[in-house]
Amino acid sequence: MAPMPSSPASGAATRPRLLSGMQPTADSLHLGNYLGALVQWVALQEDHTAYYCVVDQHAITMEHDPALLRRRTRVTAAQFLAAGIDPARSVLFVQSHVAEHSQLTWVLQCITGFGEAGRMTQFKDKSARDGTDRATVGLFTYPILQAADILLYDAARVPVGEDQRQHLELTRDLAQRFNSRYGDTFVVPEPHIVQATAKILDLQRPDKQMSKSLGGPGALYLLDDPKVNAKKIRSAVTDAGREIVYDPVTKPGVSNLLTILSALSGAPVPTLEERFVGAGYGDLKKEAESAFVAFAEPFRAEVDRWLSDDALDDVLAHGARRAREQASYRLADVYEKIGFLPPLDGSGAGSAGAAS
């Protein structure tokens with residue numbers, strides 16, 4: 001049996017581990033990404049060993065422009081940093097910089113049933129919309145790569161939205177299946193569903209969550225010209241009547257604007273309701289516009305600073321080294337347990353176990 005590298009966590013005070021990531025599929029994150037995910041990521045790094053990843057491999061399941069993907073990968077990482085992800089406390093890296101993600105995916109594919117993978121709702125939805133002839137094998141196996149992302153880092157918790165819960169259940173099933181067949185190897189992760197921050201809805205379709213797929217005039221992109229976003233807020237759909245009250249059922253448009261203003265200003269929604277007694281929708285939109293611009297302008301400036309500085313590449317290189325330290329250790333354990341012959345020259349899985 002080949003000697004195993006010591007675990008990166010050996011002898012260290014351990015905190016709960018977590019992993020999360022975003023695809024670099026847009027020129028800018030939108031406000032829903034920021035309030036629904038990044039704000040929580042920043043808070044979680046206080047008491048977790050956090051791995052945050054730009055998941056560029058997930059972004060190529062559909063046709064893409066290579067130059068655009070490279071640019072968007074750097075822009076996405078810069079936005080993580082501008083939001084407050086601290087590379088001294090968290091591991092920030094690009095997925096394709098850590099080859100172990102792809103290597104573990106193959107092993108997990110070999111214990112995943114075809115029908116099991118075919119039941120994933122995102123694949124069914126996208127293939128039904130675009131046609132199975134256009135659906136790639138990568139799209140089909142996407143959730144298995146996602147499972148590898150998580151299991152490499154012994155993540156006990158995974159911050160996910162409700163739309164990703166099914167994928168996390170597959171991850172749990174695969175971890176338990178591998179452990180049952182080959183011995184205790186993977187941490188079985190639990191979902192960390194964030195309930196504290198309300199969903200940010202599309203400004204033009206407040207029955208839908210703000211998303212890159214809807215895009216258009218209903219999404220507030222953080223790096224857009226402030227004048228563009230100000231116009232979007234002024235044009236936001238509102239509801240019948242004049243009262244400014246939080247009622248997601250009968251007043252979804254007004255409730256969404258109150259949620260945005262509350263999140264950006266720190267004022268609780270009931271306080272805002274009191275403030276706007278007797279006021280009109282125009283007054284609410286004006287305050288929401290001012291709060292968004294006050295947040296977005298320094299955020300854009302910080303992103304520009306990171307993009308103009310070689311420090312971004314240094315952060316990503318250091319993050320990749322730290323990620324590989326853990327990933328290579330876990331992959332070497334997997335390879336030994338499934339019966340792969342260790343490389344005779346000492347290279348391969350586990351060889352990066354001493355990286356720092």
Side-chain angles (χ1 to χ4, degrees), residues 17-23 25 51 53 55-64 95-96 98-193 213 323 326-342 348-350:
R17 291 188 181 197
L18 64 84
L19 177 133
S20 199
M22 290 186 195
Q23 291 190 42
T25 52
Y51 292 81
C53 182
V55 287
D56 56 341
Q57 288 177 286
H58 288 295
I60 66 169
T61 59
M62 310 291 283
E63 287 189 37
H64 70 285
Q95 183 186 33
S96 63
V98 183
E100 287 83 356
H101 288 250
S102 298
Q103 293 170 291
L104 180 59
T105 298
W106 175 252
V107 174
L108 296 180
Q109 284 174 346
C110 292
I111 65 169
T112 304
F114 184 83
E116 187 176 32
R119 287 191 292 272
M120 296 294 103
T121 56
Q122 286 198 10
F123 174 77
K124 291 196 295 185
D125 291 346
K126 290 181 180 179
S127 60
R129 183 182 68 233
D130 301 329
T132 54
D133 288 344
R134 296 189 60 192
T136 66
V137 174
L139 181 63
F140 184 72
T141 60
Y142 169 102
I144 305 170
L145 174 58
Q146 192 174 60
D149 298 338
I150 295 164
L151 297 178
L152 278 172
Y153 299 99
D154 298 344
R157 299 177 185 174
V158 182
V160 292
E162 287 292 344
D163 60 332
Q164 292 292 320
R165 186 185 284 272
Q166 186 191 36
H167 287 181
L168 186 59
E169 284 303 315
L170 176 65
T171 302
R172 289 172 50 81
D173 289 345
L174 293 176
Q176 291 167 339
R177 188 173 305 156
F178 190 97
N179 290 349
S180 176
R181 291 183 185 179
Y182 300 107
D184 191 28
T185 306
F186 294 122
V187 172
V188 180
E190 296 289 341
H192 181 83
I193 306 292
S213 59
Q326 165 61 29
S328 63
Y329 167 78
R330 182 53 56 218
L331 186 68
D333 187 19
V334 168
Y335 274 18
E336 193 277 329
K337 285 177 176 172
I338 63 174
F340 283 169
L341 187 67

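Note that these values count all heavy atoms, side chains included, but never hydrogens, waters or copies made by symmetry. All of these numbers come straight from a predicted model, not from anything done at the bench.
Checked against side-chain contact (heavy atoms from CB on, under 4.5 Å), A175 has the following partners two or more places apart in sequence or in another chain: L151, F186, V188.
The CD atom of Q23 sits 7.0 Å away from the NE2 atom of H58 when rounded to the nearest 0.5 Å. Summarising the geometry, atom CG belonging to L170 is positioned 7.5 Å from atom CZ belonging to R177; distances are rounded to the nearest 0.5 Å. Atom CG of L331 and atom NE2 of H101 lie 10.5 Å apart (nearest 0.5 Å). Rounded to the nearest 0.5 angstrom, D56 CG and T25 OG1 are separated by 11.5 Å.
L168 places none of its side-chain heavy atoms less than 4.5 Å from the side chain of Q146. The side-chain heavy atoms of D149 and Y51, taken from C-beta on, include no pair separated by under 4.5 Å.
Under the 3.5 Å distance criterion, the side-chain polar atoms of D184 are left unmatched by any main-chain donor or acceptor of N179. Although no hydrogens or angles enter the test, the distance criterion places no donor-acceptor pair under 3.5 Å between the side chain of K337 and the main chain of R181. The main-chain N or O of Q176 is never found under 3.5 Å from a side-chain atom of S180 such that the two would form a donor-acceptor pair.
Classified by interplanar angle (parallel below 30°, tilted 30° to 60°, perpendicular above 60°), the ring pair Y335/F340 is perpendicular.
Shortest non-hydrogen contact noted between V187 and A155 is CG1-O, 3.9 Å. Annotation for A147 and L174: closest pair CB-CD1, 4.1 Å, computed over non-hydrogen atoms. Across all non-hydrogen atoms, the minimal contact from A59 to H64 is O-CB, 4.5 Å. For T105 against I144, the heavy-atom pair with the smallest separation is O-CG2, 3.9 Å.
For the pairing with Q326, the side-chain contact (heavy atoms from CB on, under 4.5 Å) check across V98, D154, L152 returns one residue only, D154.
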Original post:
Given the rule in the side-chain contact (heavy atoms from CB on, under 4.5 Å) test, do Q95 and L145 qualify, once you have shown the distances and angles that lead to the verdict?
Top reply: CA-CA 11 Å; Q95 183 186 33; L145 174 58; 3.7 Å; yes
